[in-house]
Amino acid sequence: MFPTPIEKTSRSWQLTYQTLLPMSLVLWLLPLVAVAVFSIKPDADFVQGNYWSLPSTFNAVENYGKVFFASDMPRYLLNSVFITVPTVIGCVILSSMTGFALGVYKFRSNLWVFFMFVAGNFVPFQILMVPVRDLTLDLGLYNTKTGLVLFHIAFQTGFCTLFMRNFIRALPYELIEAARVEGIAEWRIFWYVVLPLMKPAIAAMSVLIFTFIWNDFFWAVVLTQGAESQPVTAGITSFNAQYRAAYHLMSAGSIVAALPPVAMFFLMQRHFIAGLTLGAVK
């Protein structure tokens, strides 16, 4: 049922594994390395077709200086913060309560309600593009950070509810029964008994949702325009000129945009791993 640990396989397979793993790692990181190299090249290298060789001059300070001080990139970064952080908080609050209700209470339509939360995740984004855009226009939320936050919360809560409901169902139900025997109110059971046990799951889910929302490009382009409300993923395209793109600045902006999710993961790594593996071993 489970794969055999590499230490227990044959010597030939271990050598094959040890050879293919570094090669896979190099192939996986090659695009990131290429973007990092592009970010320190001068614009002349791209004009002359010098894409894959070493930079003719190292322009890291100049390129990153233009990104931070000669463009709207700081504003795009702030927009991403103002969009991502409220979305994560909203998803955590709603999914914690819905996950508790669907994981603890056994009512007749429990499965149907749970299905309604999850069903939205199976609808392709492209199908929702026109109706969601029209809805934001009708509500006066088009091209606003508030509209993007509300949409992300509505769309991501389904996945978060699935995550939290399955986590809560794996908790010892005897704890909830013991609290009820003591006459504790249901909201106190949620706040003082279940919620403290959900901290690893909340940390893991927060990292996932933060990464999803921060890296979102599709809805950032569909629902916003301009530096007033666009997040950083859509703002990187502002480095495109009328006839060609400033690839050196786009690469530098991409590296800057990728740093917050990476930092978030490393800061929350211990809690993230704990949340994903909790309950895996009895």
Side-chain angles (χ1 to χ4, degrees), residues 77-105 110 113-123 125 128 132 141 144-173 175-176 179 184-216 218-220 223 231-233 259-280:
L77 288 170
L78 283 177
N79 289 343
S80 288
V81 172
F82 293 147
I83 292 170
T84 305
V85 173
T87 299
V88 173
I89 295 174
C91 289
V92 168
I93 293 174
L94 290 177
S95 63
S96 297
M97 294 188 292
T98 54
F100 175 78
L102 294 173
V104 172
Y105 302 123
N110 182 298
V113 174
F114 176 63
F115 174 77
M116 293 300 294
F117 273 99
V118 179
N121 293 281
F122 298 99
V123 180
F125 289 161
L128 298 173
V132 168
L141 296 175
T144 63
K145 294 187 284 291
T146 302
L148 201 55
V149 168
L150 292 176
F151 170 78
H152 281 312
I153 291 176
F155 198 83
Q156 295 295 333
T157 298
F159 166 76
C160 296
T161 298
L162 169 66
F163 191 96
M164 299 305 294
R165 181 250 191 188
N166 292 340
F167 183 87
I168 291 173
R169 285 176 67 90
L171 297 176
Y173 192 72
L175 294 174
I176 299 174
I184 300 177
E186 292 296 319
W187 71 270
R188 289 181 177 271
I189 294 176
F190 169 73
W191 187 261
Y192 293 106
V193 177
V194 176
L195 195 60
L197 298 176
M198 293 166 57
K199 289 181 180 179
I202 291 175
M205 188 179 67
S206 298
V207 174
L208 290 175
I209 298 302
F210 184 94
T211 304
F212 293 162
I213 303 305
W214 186 277
N215 293 332
D216 171 70
F218 182 82
W219 292 112
L223 299 181
V232 67
T233 49
L259 291 179
V262 173
M264 177 74 171
F265 175 79
F266 281 106
L267 289 174
M268 303 290 290
Q269 182 179 11
R270 181 169 61 88
H271 303 286
F272 178 76
I273 301 299
L276 294 181
T277 58
L278 190 64

Kindly state whether the ring of Phe163 and the ring of Phe167 have centres lying under 6.0 angstrom apart. no
Would you compute the distance between atom CZ of Phe210 and atom CG of Asn215 and round it to the nearest 0.5 angstrom? 9.0 Å
Find the distance between OG1 (Thr233) and CH2 (Trp214) and round it off to the nearest 0.5 Å. 9.0 Å
Kindly give the heavy-atom pair with the smallest separation between Val207 and Thr211, and that separation in Å. O-OG1, 2.8 Å
Within a strict 4.5 Å, meaning less than it, do heavy atoms of the Thr98 and Arg165 side chains meet? no
Is the number of heavy atoms from other residues, nucleotides or ligands within 6.0 Å of CZ (Phe122) greater than 12? no
pair Ile176-Tyr173: side-chain heavy atoms closer than 4.5 Å: yes
Do Asn79 and Lys145 touch side chain to side chain, with heavy atoms closer than 4.5 Å? yes
Heavy-atom distance under 4.5 Å between the side chains of Phe151 and Leu141, does that happen here? no
Give me the one residue out of Trp219, Phe117, Phe125 that meets ring-ring contact (aromatic ring centres under 6.0 Å, His included) with Phe155. Phe125
Looking at every non-hydrogen atom in both residues, tell me the closest pair between Cys160 and Met205 and how far apart they are. CB-SD, 3.3 Å
Once you round to the nearest 0.5 Å, how far does CG of Leu102 lie from CD1 of Ile168? 9.0 Å
How many angstroms lie between CG in Leu171 and CZ in Phe100, if you round to the nearest 0.5 Å? 10.5 Å
Over all heavy atoms of both residues, which pair between Thr144 and Gly147 is shortest? Give the atoms and the distance, please. OG1-N, 3.1 Å
Pro86 and Val81 have their tightest heavy-atom pair at CD-O, 3.7 Å
Interatomic distance, Gln156 atom CD to Ser95 atom OG [nearest 0.5 angstrom]: 10.5 Å
Does some side-chain heavy atom of Pro231 sit less than 4.5 Å from a side-chain heavy atom of Leu148? yes
So do the side chains of Val88 and Ile213 get within less than 4.5 Å of each other, counting heavy atoms only? no
When rounded to the nearest 0.5 angstrom, what distance separates CG in Asp216 from CD1 in Ile83? 9.0 Å
Considering residues at least two apart in sequence or located in another chain, which fulfil the side chain to side chain donor-acceptor pair (under 3.5 Å) criterion with Ser96? none
Looking at every heavy atom in both Ala101 and Asn110, which two are closest together, and how far apart are they? O-ND2, 4.2 Å
Residue set satisfying side chain to side chain contact (heavy atoms under 4.5 Å, CB included) with Ala179, at least two apart, ordered chain then number -> Ile184, Ile189, Val193
